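What follows is a single structure, written as structure tokens, with notes after it.
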Amino acid sequence: MLARGDELYRDLPWRHVDDPYAVLVSEIMLQQTQVARVGRFWERFLSAFPTVDALASAAVPDVLELWQGLGYNRRALALKRTADTCAAEGAGRLPETYEGMLALPGIGPATAAGVVAFAYQRPAVYLETNVRSVFLHELFPEEEAVSDKVLLPLVEAAAFHPAAAADPRRWYYGLLDYGAHLKATVPNPSRRSAGHSRQSAFEGSRRQKRAWIIRRVLAAPEGVSRAAVLADLNTAELAAGRPEVEPPLFNSIVADLLAEGFFREENDTLTP
DNA sequence: TTCCAGCGGC
DNA sequence: GCCGCCGGAA
């Protein structure tokens with residue numbers, strides 16, 4: 001496996017750093033986002049916000065602005081909140097343990113394990129789509145609907161085996177690169193994961209409107225009225241050949257965005 | 001069309 | 001457990 005990993009090695013920019021913050025930013029950006037898209041976003045983001053303290057000191061709209069085009073805007077808010085917490089309570093340093101990382105917003109089991117393995121160079125159970133593909137392909141070539149409950153102990157046993165634990169970074173680089181290679185050569189093994197499900201269409205979806213509204217408000221630093229946002233949204237919807245958005249749906253989306261902290265409202269004006 | 005170094009809320 | 005979340009490359 002290690003030899004196969006070396007053979008398929010991908011020289012990605014975040015593989016040249018061991019700063020936990022820089023690694024965390026890469027892990028967050030790579031959540032459900034393909035490697036090819038992340039590269040330039042990662043470099044731009046770290047240039048603008050090179051440290052936890054820099055990100056904590058930044059304004060939310062500036063962070064969201066740099067995130068546009070990457071997708072899943074929630075991740076940017078969660079990352080910002082994680083930086084705020086670590087700046088205030090951790091002297092600008094991320095937690096050093098898996099459990100500590102897991103307690104922070106936007107950081108789940110995979111991301112916490114990724115930071116532990118790639119930044120701290122300690123063994124961790126890092127089960128994400130490429131690792132899942134490798135285990136399904138190698139150990140369950142015929143089975144359908146294999147659950148992570150079955151895979152987790154296997155990944156754990158492998159990761160904590162001395163051969164892997166001696167160099168967790170190299171071990172997981174190999175798994176990731178082999179998994180990525182598999183997807184280019186055989187039908188996606190992860191389709192045989194029990195949790196695998198197809199995503200709903202983006203075109204015309206609620207989340208497409210969400211993203212549009214976020215961009216519209218970000219473009220109005222001085223604020224913009226709800227009515228103006230709705231009118232502009234409907235102009236865009238009609239231009240795209242879609243029906244107008246009814247006010248209840250629009251208000252529901254705006255309520256979500258306000259609650260999640262994407263922008264604020266002052267007497268009917270939405271302000272980033 | 002399919003998928004992507006997942007997470008959080010329910 | 002199930003669903004919503006973003007956007008574009010292939």
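Throughout, a chain's letter reflects where its sequence line sits, starting with A, and its residues are numbered from 1. Since the structure is predicted, the reported quantities are computational estimates derived from the model, not experimental observations.
- No engagement by Ile253(A) is indicated, since no non-hydrogen atom pair under 4.0 Å with the nucleic acid exists.
- Shown for residues 119-133 of chain A: no residue has heavy atoms falling under 4.0 angstrom of DNA chain C.
- The side chain of Lys183(A) places no N or O atom within less than 4.0 Å of a non-bridging phosphate oxygen (OP1 or OP2) of dC3(B).
- Protein atom CD of Gln32(A) is 14 Å distant from nucleotide atom C1' of dG8(C), rounded to whole Å.
- Residue Gln34(A) places a side-chain atom within donor-acceptor reach of the base of dG8(C), judged by atom type and a 3.5 Å distance cut-off alone.
- In the set dT2(B), dG8(C), dG4(C), the nucleotide with an atom closest to the side chain of Arg191(A) is dT2(B).
- In this structure, the side chain of Arg75(A) engages the main chain of Met29(A) through a donor-acceptor pair within 3.5 Å.
- Under a cut-off of 6.0 angstrom, the local environment of CZ in Arg93(A) is sparse, with at most 12 non-hydrogen atoms contributed by other residues, nucleotides or ligands.
- One P atom belongs to dC3(C), the other to dA5(B), and the distance between them is 23 Å to the nearest Å.
- Residue contacts shown for Gln199(A) include a base, since a base heavy atom lies under 4.0 Å away.
- Contact annotation: side chain of Gln31(A) to base of dC7(B), donor-acceptor pair absent below 3.5 Å.
- The stretch residues 15-29 of chain A has no heavy atom under 4.0 angstrom from DNA chain C at all.
- At a threshold of 4.0 angstrom between heavy atoms, the contacts of Gly106(A) are confined to the sugar-phosphate backbone, with no base atom among them.
- Trp42(A) has its CH2 atom 17 Å from the P atom of dA5(B), to the nearest Å.
- Judged by a 6.0 Å distance limit and a 45° cone about the ring axis, Arg192(A) is not positioned over the six-membered ring of Phe140(A).
- We find that CG of Leu136(A) is positioned 14 Å from P of dC3(B), with the value rounded to whole Å.
- At a cut-off of 3.5 Å, with distance as the only test, no side-chain donor of Glu265(A) or Thr271(A) sits close to an acceptor on the other residue.
- Each of Phe262(A) and Ala194(A) has a nearest nucleotide on DNA chain C; the 5'-most of these lies closest to Ala194(A).
- Evaluation of atom-type donor-acceptor distances gives no pair under 3.5 Å for the side chain of Arg75(A) against the base of dG6(B).
- dC6(C) and dC10(B) have their P atoms separated by 16 Å, given to the nearest Å.
- Taking the nucleotide of DNA chain C with the nearest heavy atom to each of Arg210(A) and Ser197(A), the more 5' of the two is matched to Ser197(A).
- The residue Gly108(A) sits close only to the backbone: its heavy atoms come under 4.0 Å of sugar-phosphate atoms, none of a base.
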